[in-house]
Peer 1: 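Provided herewith is a single structure, encoded as structure tokens, for subsequent inquiry.
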Amino acid sequence: MLVVEAKFDGEQLATDPVDHTDQPEFATELAWEIDRKALHQHRLQRTPIKLQCFALDPLTSAKETIGYILLDLRTAQETKQAPKWYQLLSNKYTKFKSEIQISIALETDSKAPVDSFKAKGAPPRDGKVPPSLSGLDPKDIVAVLNEEGGYHQIGPAECCPDFFIMSVTIAFATQLEQLIPCTMKLPERQPEFFFYYSLLGNDVTNEPFNDLINPNFEPERASVRIRSNVEILRVYLALQSKLQIHLCCGDQSLGSTEIPLTGLLKKGSTEINHRPVTVEGAFTLDPPNRAKQKLAPIPVEMAPTVGVSVALQREGIDTQSLIELKTQNEHEPQHSKKRVLTPIKEKLTEPTSPSVSPATPHNQSPPTNDDATESAVESLQYDKDTKPNPKAVSSSVPASVAQPVSASNAPETASGQKIAVPATSHHFCFSIDLRSIHDLEVGFPINCILRYSYPFFGSAAPIMTNPPIEVRKNMEVFLPQSYCAFDFATMPHQLQDTFLRIPLLIELWHKDKMSKDLLLGIARIQLSNILSSEKTRFLGSNGEQCWRQIYSESVPIIASQGSNNRIVNLSYTMTLEDYGLLKMREIFVSDSSQGSAAIQQKPPSLPPAPCPSEIQTEPRETLEYKAALELEMWKERQEDIFENQLKQKELAHMQALAEEWKKRDRERESLVKKKVAEYTVLEGKLQKTLFDLEKREQQLVITESELQRERKELKSEREQNLQELQNSIRRAKEDCAHQVELERLKIKQLEEDKHRLQKQLNDAENKYKILEKEFHQFKDQQSNKPEIRLQSEINLLTLEKVELERKLESATKSKLHYKQQWGRALKELARLKQREQESQMARLKKQQEELEQMRLRYLASEEKDTVKTERQELLDIRNELNRLRQQEQKQYPDSKEIASGRVDGPRGDALEEGLDDYLTRLIEERDTLMRTGVYNHEDRIISELDRQIREILAKHNTSN
């Protein structure tokens with residue numbers, strides 16, 4: 001037997017056992033009753049419904065697991081959906097693909113509530129149903145998912161042919177730490193926060209983030225495709241007038257806000273026919289149950305906000321108002337991979353234009369496995385895909401939109417769509433000029449380029465100097481194409497924090513045409529040094545006041561392998577320009593997010609053998625001495641490498657601790673600020689309360705005197721009431737004693753009645769037992785009679801007869817049914833056979849016609865060739881006959897005499913014999929010509945031969 005058990009919400013249900021066959025049919029509905037709030041919580045927690053299939057032994061009741069299925073509760077909709085096949089996981093029967101057909105749906109409970117009170121339904125907001133659909137109830141206008149078409153149907157399908165696209169974009173968030181109450185405990189590990197909302201019944205969440213103080217997440221857009229018309233869509237948006245967005249941590253909502261949707265389609269407006277309609281802005285997040293928690297109001301500048309944009313447009317109209325997609329070349333067409341399905345989540349990344357030198361090499365060697373550079377790891381995938389004309393690369397920049405601008409190539413384009421966001425960031429321009437390298441310490445010249453990458457500026461793509469230059473000892477070389485500028489937007493404290501935490505790593509590469517590129521060393525530039533340099537004021541292009549800071553320095557480039565020896569010095573100059581607050585932030589939308597490249601690190605190789613130049617010449621040049629020396633040198637190098645790795649790990653751990661300390665410090669600082677604000681509000685409340693208390697104290701003094709007077713009056717009244725109460729108690733006691741005496745007499749009488757009735761009951765029971773015994777005796781006597789037994793047998797035979805008649809009738813019906821089916825099959829077979837014969841005859845006839853046509857064409861061509869050949873043969877035969885005639889005339893000069901019969905004697909006999917030979921030859925020639933089939937008796941040559949044969953025969957008869 002098979003049974004399926006389902007577990008959800010702490011309750012376990014099971015199907016009825018069915019036979020264990022190849023295709024069992026359960027035909028069972030399992031239902032859980034749950035309210036909407038609990039359902040919403042389960043959806044937030046992504047609670048699955050677990051179905052386990054067991055093989056049940058009916059004798060021992062032992063169960064054996066066959067497999068299980070996990071159902072996603074979020075796939076359940078209120079509209080009826082077609083059943084789907086789900087494959088069993090951990091299947092016991094590994095050779096078979098076991099599946100169960102399941103349909104999951106939500107049903108609204110139609111039972112009447114226990115409480116008889118029922119509130120009246122509120123009238124629909126904003127107007128009425130259009131006159132053309134006057135018979136339609138506004139409550140019946142719901143969004144129904146059409147899976148085949150990939151859209152939501154709102155309203156009747158026959159009058160709603162238009163398609164719309166509704167999209168929701170969560171762009172940014174600020175001051176989210178204000179939503180965390182001081183009494184709330186977050187998980188010990190890094191908590192994950194995310195925004196949640198429901199769009200036409202589809203639950204949508206954005207990518208989780210960990211930092212509430214500086215929330216850094218990629219803007220995301222969720223779109224749904226809608227089929228409806230403008231009027232019905234306006235009524236639907238009036239009913240569903242608000243979109244609720246929650247900030248969640250796990251299964252707990254920290255705050256929520258509501259975005260009004262009624263402004264999308266205003267009554268009488270036709271704006272949607274020409275351009276998208278939007279509702280956008282920064283909306284304040286309110287903590288749940290603020291009134292119950294008695295929380296103090298938060299100042300406007302410290303209120304937690306979230307930037308949201310809701311757009312609605314007709315399908316086919318390009319969005320032009322909110323979103324701008326920036327590309328590297330404005331003449332280059334934009335190939336979008338966007339597909340609007342139901343629902344869709346799209347990543348909104350912030351594209352940048354990385355600065356790349358104009359002559360970037362096509363094939364860059366990836367850096368070696370070294371822990372000293374982060375840019376090498378981030379740019380590994382970029383190097384594999386580098387092209388001669390690189391395009392814009394999308395990357396996520398924290399809280400900013402960055403556009404690095406190179407000195408040699410800085411095209412600026414603006415096309416597509418953008419989201420207007422309130423200005424909270426500064427516009428910065430950071431430029432660095434790698435001037436020169438000098439004081440080379442290695443003993444051989446190097447052909448070098450410099451390479452670096454800093455993702456905070458908006459691009460993880462590497463920036464390199466080009467072309468390679470040769471550097472020798474005791475010389476200073478200026479680097480070509482080494483200047484690069486980055487335009488980006490961020491907050492000053494975030495810029496300062498990033499510059500303090502992350503240094504700029506400059507890699508020194510040696511390029512050789514005969515071998516692979518080699519990473520020689522790395523220079524660390526501490527960008528925070530520029531923050532402490534002197535600020536100078538200058539005017540921007542629009543006349544606004546700007547600030548500039550310049551810092552120059554020379555730093556050593558340290559070897560990447562071996563000991564920390566200096567290879568060369570690098571001189572550089574960096575400049576930071578602050579253009580002030582942004583008037584508008586632009587969040588750029590890309591229709592598909594780029595996945596991070598998987599980076600595989602190579603295992604560290606064995607240390608290379610020392611160069612011949614490094615081996616010092618010793619007096620003993622034996623192989624043993626060289627091997628021992630090489631071993632000692634290798635040991636020293638390994639010790640240095642191990643010490644460097646330990647130092648680097650220690651430095652990394654210290655940096656991680658410092659970062660964590662700074663993060664905790666910022667959190668504590670924000671909490672202190674929040675507490676100070678709360679205490680300030682509480683102080684005002686306390687002062688107000690103190691004033692109210694003084695006022696109440698004066699009122700209490702007045703009230704107290706009145707209370708003393710009333711107390712005296714109450715005391716006298718109480719004494720009077722007490723006296724009256726004592727009198728009434730005495731009277732009540734006397735009445736109670738009398739009542740008790742009466743009740744005792746009644747109880748005594750009832751006990752006597754009880755004994756009498758008990759005696760009567762015993763007598764009746766004895767009579768009942770006697771009668772029952774007599775009834776059993778009578779029944780046994782009746783059952784032993786033969787008539788009774790015959791009657792029971794007759795009943796059994798009657799039942800068997802009815803059963804046999806029913807089986808006979810069913811057999812007759814099945815026989816008739818099979819006979820009809822057999823007749824239909826024979827007719828169908830005959831019809832198919834006749835049709836096949838007709839088709840065969842048609843094909844045969846067609847083939848015969850084709851063969852006849854081919855034969856006629858062949859005969860015509862053959863006859864033409866035969867006629868030509870026969871004409872030539874006839875001409876040859878005629879020539880041969882003329883020649884034979886001439887020979888005969890020469891050989892038989894007296895043939896004429898023989899023919900005329902004037903020859904006698906032996907000479908006549910010879911001529912007669914020659915005539916017979918001539919006749920035989922003529923007959924043979926005639927027969928040969930006739931056998932060819934070309935000539936007949938009517939031809940001239942055959943007629944001539946017949947005439948000659950007849951003449952010779954006549955002469956031969958005359959001579960005899």
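As the structure is a computational prediction, the values presented were derived from the model and not from experiment.
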Peer 1: Has H510 got a side-chain atom pairing as donor or acceptor with N447's backbone, closer than 3.5 angstrom?
Peer 2: yes
Peer 1: Can you tell whether the side chains of E643 and K647 come within less than 4.0 Å, N to carboxylate O?
Peer 2: no
Peer 1: Taking all non-hydrogen atoms of both residues, which atom of A171 and which atom of F217 are closest, and how far apart?
Peer 2: O-CE1, 3.9 Å
Peer 1: Once rounded to the nearest 0.5 Å, what's the spacing between atom CD of E207 and atom CD of E192?
Peer 2: 9.5 Å
Peer 1: Just wondering, do I550 and T536 contact through their side chains at under 4.5 Å, heavy atoms?
Peer 2: no
Peer 1: Does some side-chain heavy atom of M633 sit less than 4.5 Å from a side-chain heavy atom of R637?
Peer 2: yes
Peer 1: In the structure I gave you, are the side-chain heavy atoms of L176 and F193 within less than 4.5 Å of one another anywhere?
Peer 2: no
Peer 1: Please report the shortest heavy-atom distance between L519 and E507, naming the atom on each side.
Peer 2: CD1-CB, 3.8 Å
Peer 1: Under a 4.5 Å cut-off applied to non-hydrogen side-chain atoms, are L508 and L450 in contact?
Peer 2: yes
Peer 1: With a 6.0 Å cut-off (strictly less than), is the heavy-atom count around CZ of F642, excluding the residue itself, greater than 12?
Peer 2: no
Peer 1: Measure the OG-CG distance between S554 and N569 for me, rounded to the nearest 0.5 Å.
Peer 2: 4.5 Å
Peer 1: Which heavy atom of L440 sits nearest to which heavy atom of F444, and what is that distance?
Peer 2: CD2-O, 3.8 Å
Peer 1: Could you pull out the closest heavy-atom pair between F478 and I469, with the gap in Å?
Peer 2: O-CD1, 4.0 Å
Peer 1: Could you go through the side-chain contact (heavy atoms from CB on, under 4.5 Å) check for V555 and R524 one step at a time?
Peer 2: CA-CA 8 Å; V555 295; R524 294 176 179 269; over 6 Å; no
Peer 1: Can you confirm whether E470 is buried at CD, in the sense that more than 12 heavy atoms of other residues, nucleotides or ligands lie under 6.0 Å from that atom?
Peer 2: yes
Peer 1: I'd like to know if the side chain of T305 pairs up with that of T174 as donor and acceptor (distance under 3.5 Å, no hydrogens or angles considered).
Peer 2: yes
Peer 1: Do V306 and I170 have side-chain heavy atoms sitting under 4.5 Å apart?
Peer 2: yes
Peer 1: Would you say that R666 contacts K663 through its side chain, given a criterion of any heavy-atom pair below 4.5 Å between the two side chains?
Peer 2: yes
Peer 1: Nearest 0.5 angstrom please: L434 CG to I525 CD1, how far?
Peer 2: 6.5 Å
Peer 1: Look at the side chain of Q549 and the backbone N and O of I530, then say whether any donor-acceptor pair between them is shorter than 3.5 Å.
Peer 2: yes
Peer 1: Please evaluate residues E660 and R664 with respect to the criterion salt bridge (charged side-chain N to carboxylate O under 4.0 Å, His left out), reporting the C-alpha separation (whole Å), side-chain torsions for both, the decisive distance (0.1 Å), and the verdict.
Peer 2: CA-CA 6 Å; E660 185 65 23; R664 297 284 179 87; 3.0 Å; yes
Peer 1: With a 3.5 Å distance limit and no angle check, can you tell me whether Y454 reaches the backbone of I502 through a side-chain donor-acceptor pair?
Peer 2: yes
Peer 1: Measure the spacing between CZ of R501 and CG of L527 and express it to the nearest 0.5 Å.
Peer 2: 12.0 Å
Peer 1: Answer yes or no: is there a donor N or O on one side and an acceptor on the other, between the side chain of R435 and the main chain of S552, under 3.5 Å?
Peer 2: no
Peer 1: Give the C-alpha distance, both sets of side-chain angles, the deciding distance and a yes or no for side-chain contact (heavy atoms from CB on, under 4.5 Å) between L495 and L576.
Peer 2: CA-CA 11 Å; L495 175 73; L576 179 64; 4.0 Å; yes
Peer 1: Where do S431 and Y483 come nearest, in terms of heavy atoms and distance?
Peer 2: CB-OH, 3.3 Å
Peer 1: Is I567 close to E441 at the side-chain level, that is, under 4.5 Å between some pair of heavy atoms?
Peer 2: no
Peer 1: Are the side chains of Q545 and R537 in touch, meaning some heavy atoms are under 4.5 Å apart?
Peer 2: yes
Peer 1: Is there a donor-acceptor pair closer than 3.5 Å between any side-chain N or O of D665 and the backbone N or O of W661?
Peer 2: no
Peer 1: Report the C-alpha separation of V204 and V168 in whole Å, then their side-chain angles, then the decisive distance to 0.1 Å, and conclude whether the side-chain contact (heavy atoms from CB on, under 4.5 Å) test is met.
Peer 2: CA-CA 10 Å; V204 184; V168 178; over 6 Å; no
Peer 1: Quick one: which of N466, V471, T465 gives a side chain to side chain contact (heavy atoms under 4.5 Å, CB included) with P468?
Peer 2: N466
Peer 1: Show, in sequence, the C-alpha distance, side-chain angles and deciding distance for T490 and F456, and conclude whether the side-chain contact (heavy atoms from CB on, under 4.5 Å) test is met.
Peer 2: CA-CA 10 Å; T490 185; F456 179 78; 3.9 Å; yes
Peer 1: Restricting to non-hydrogen atoms, name the atom on Y579 and the atom on E544 that form the minimum distance, rounded to 0.1 Å.
Peer 2: O-CG, 4.4 Å
Peer 1: Can you tell me how far the OG atom of S453 sits from the CE atom of M464, to the nearest 0.5 Å?
Peer 2: 10.0 Å
Peer 1: Backbone N or O of E280 within a donor-acceptor pair of the S309 side chain at under 3.5 Å?
Peer 2: no
Peer 1: Distance from H493 atom NE2 to T498 atom OG1, nearest 0.5 Å?
Peer 2: 9.5 Å
Peer 1: Which word best sums up how the rings of F428 and F488 line up, parallel for under 30°, tilted for 30 to 60°, or perpendicular for over 60°?
Peer 2: parallel
Peer 1: Decide, yes or no, whether a salt bridge links D578 with K535 under the criterion of side-chain N to carboxylate O below 4.0 Å.
Peer 2: no
